[in-house]
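Since this is a predicted model, take the numbers as computed values, not measurements. Per chain, numbering begins at 1; letters A, B, ... match sequence-line order. Any value given below was found using the heavy atoms of this structure, including those in side chains, with hydrogens, waters and symmetry copies removed.
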Number of protein chains: 2
Amino acid sequence: MYTFKELQNIIEDNLSKIDLDISPIELYEPIKYTLSAGGKRVRPTLTLAACNLFSEDIEKSIKPALALEVFHNFTLLHDDIMDKAELRRNSATVHEKWNENIAILSGDAMSIKAYELLSDTEENHLKSVLKIFNKMAIQICEGQQFDMNFEEKNDVSEDEYLEMIKLKTSVLLATSLKIGAIVGGANENDAQNLYDFGLNLGLAFQLQDDFLDVYGDVNTFGKKIGGDIIANKKTFMLIKALEIADIETKLKINEILNLKEFDKNFKIKSIVDIYNKLEISYLAKNKMDYFYKKALNSFDLVNVEASKKEILFNFASNLMNRNN
Amino acid sequence: MYTFKELQNIIEDNLSKIDLDISPIELYEPIKYTLSAGGKRVRPTLTLAACNLFSEDIEKSIKPALALEVFHNFTLLHDDIMDKAELRRNSATVHEKWNENIAILSGDAMSIKAYELLSDTEENHLKSVLKIFNKMAIQICEGQQFDMNFEEKNDVSEDEYLEMIKLKTSVLLATSLKIGAIVGGANENDAQNLYDFGLNLGLAFQLQDDFLDVYGDVNTFGKKIGGDIIANKKTFMLIKALEIADIETKLKINEILNLKEFDKNFKIKSIVDIYNKLEISYLAKNKMDYFYKKALNSFDLVNVEASKKEILFNFASNLMNRNN
């Protein structure tokens, strides 16, 4: 068994070995820049960890794991263009550092690089891995489209929101685990249970992210508090508040959202006061709990001895800031 | 044996069967729009024709053929964003009809759709087909990057130009043929000779396109004459003229290229006069001939009875406007 840290190092090491010092540099330099920007390499590490549940030979899971990491970074690169984001992991985004055409094309090349890495999956698993990967890839596009649609939509329901975050973020975690399991030799049941574990953990995690934007500790959250509120982002918190508020409170929320000029702290405080009154934090925690437990239930069903499961169990509880 | 027209119809028919009436429509409608915009479906038809050289069962080549067509249309869609093109096949481009974000994302989804189709390649050929496809896909990105670089570069050499058009357009024709051959059961030699046939035919065709922009018949060319000249496009004609002209003529060319305001017909006539004086048409025809003959030589080497080769031979000679 490898520790999570050891698996992370294997990913980092292999990622840095992808040769990108090739011509035309205008195409490959932004890819190198993107892939060397760090991050916790969570997804490919999960692939290795899932493989390691079923096999000591994790070598065979490295290429598909890298494919997942490269594809993930491709989606971030293109999302950043669409969102006009200026920063990613505290560095200039590709379209800011170079230009939009470079960002579109180097993103395209990155997605193909992901398929190049994926094509090195062992032949007996190639077809199924490719199909699972494709399904995930198209779902991420769908999720991004729903997310963009929601910017213009004022009546996003909780179900629609959960579906969107499932597509946009959870299926990637789920697929990373499932592909690792498959190349590790898992049977279909175990692979699917790991998928469900990742899917529900991803939902819980995204809901936690929404929660921490409001109630997080600025020192540990790593992002500014209230960013979603300032941007009128339709998070679980806001959607739920609009759903359960009385007419008067609803009008008040919409009034705040529609302010063209505002003091940021005032806007954040006004919305948080409403969330407090409506006890949104309670609903959010409940929902997080629901998905976290669902995740653990699926994980429990994976037919592997308990000691082997510790790494992924600890990963999940760390992710959810839990010590149980 | 199927006729070229029959194969085209099979492609058109199967292309229209791809279900794109799905949610979110904002993502899939632009894909449907792009794929139903027509075109001659040359590449996937070549895949079927190449398969048909080796097998009467062309069914197995349909999915990879569609993958190539969908991927081709994806590259056009993203290229159109980068080139700020307003029209494609006489209809508004996706980023004009919708917006740039929609064009980026639906393009991404199209490239994944291409891989979905490709994943239905028969399992015994999947790995090799996937690898050949990936290589082509990344080369097309490289070609597009070189093409963008050339806009800013004033000393593009003939070799650099030929390498660019090889990557940007020829490898796709070559790969379409090679993949068809492989799934049809061809041996490596025959598959590679078909690849070389497509590669050199593609080069000859692109050079012909450059030539016809200057010397074509407006009624048969299908584009406006002189478009490349007005846009200062670095075609074979211009690169060659700048290479062989004396200093005085070179200055004259650059003077015309640098005109900020000009009468279009005057600009075209001035450049064409110089091309005439330098006998660029002769050089261009020579080069076309060179690649066309190279293409036919490779095709000759394909070990299939002559009668079966007629369809692809006729395709090539029609493409090059020849009746021999």
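- For L130(B), the part sitting under 4.5 Å from any heavy atom of chain A is the side chain, from C-beta outward, and nothing else.
- The stretch residues 59-75 of chain B places F71(B), F74(B) near chain A, each with some heavy atom under 4.5 Å from a heavy atom of that chain.
- By the 4.5 Å heavy-atom criterion applied to side chains, D120(B) and K131(A) are counted as neighbours.
- When side chains are defined from C-beta on, C141(B) counts as touching I112(A), because their heavy atoms get closer than 4.5 Å.
- Note that the OG atom of S23(A) and the CD atom of E142(B) stand 7.0 Å from one another [nearest 0.5 Å].
- Between chain A and the options T121(B), I81(B), D108(B), L126(B), the largest number of non-hydrogen pairs under 4.5 Å is found for D108(B).
- Considering only heavy atoms from C-beta on, I138(A) comes within 4.5 Å of K113(B) through its side chain.
- The greatest number of non-hydrogen atom pairs below 4.5 Å with chain B, out of L27(A), I22(A), L118(A), is found for L27(A).
- Within the 4.5 angstrom heavy-atom criterion, no atom of F133(A) approaches chain B.
- Rounded to the nearest 0.5 Å, atoms CD (Q144(B)) and CD1 (I104(A)) are 10.0 Å apart.
- The CD atom of E122(A) sits 8.0 Å away from the NZ atom of K127(B) when rounded to the nearest 0.5 Å.
- Using a 4.5 Å heavy-atom cutoff, the side chains of N101(B) and D83(A) are not in contact.
- Interface residues of residues 148-160 of chain B toward chain A, defined by a heavy-atom distance below 4.5 Å and sorted by number: M148(B), N149(B).
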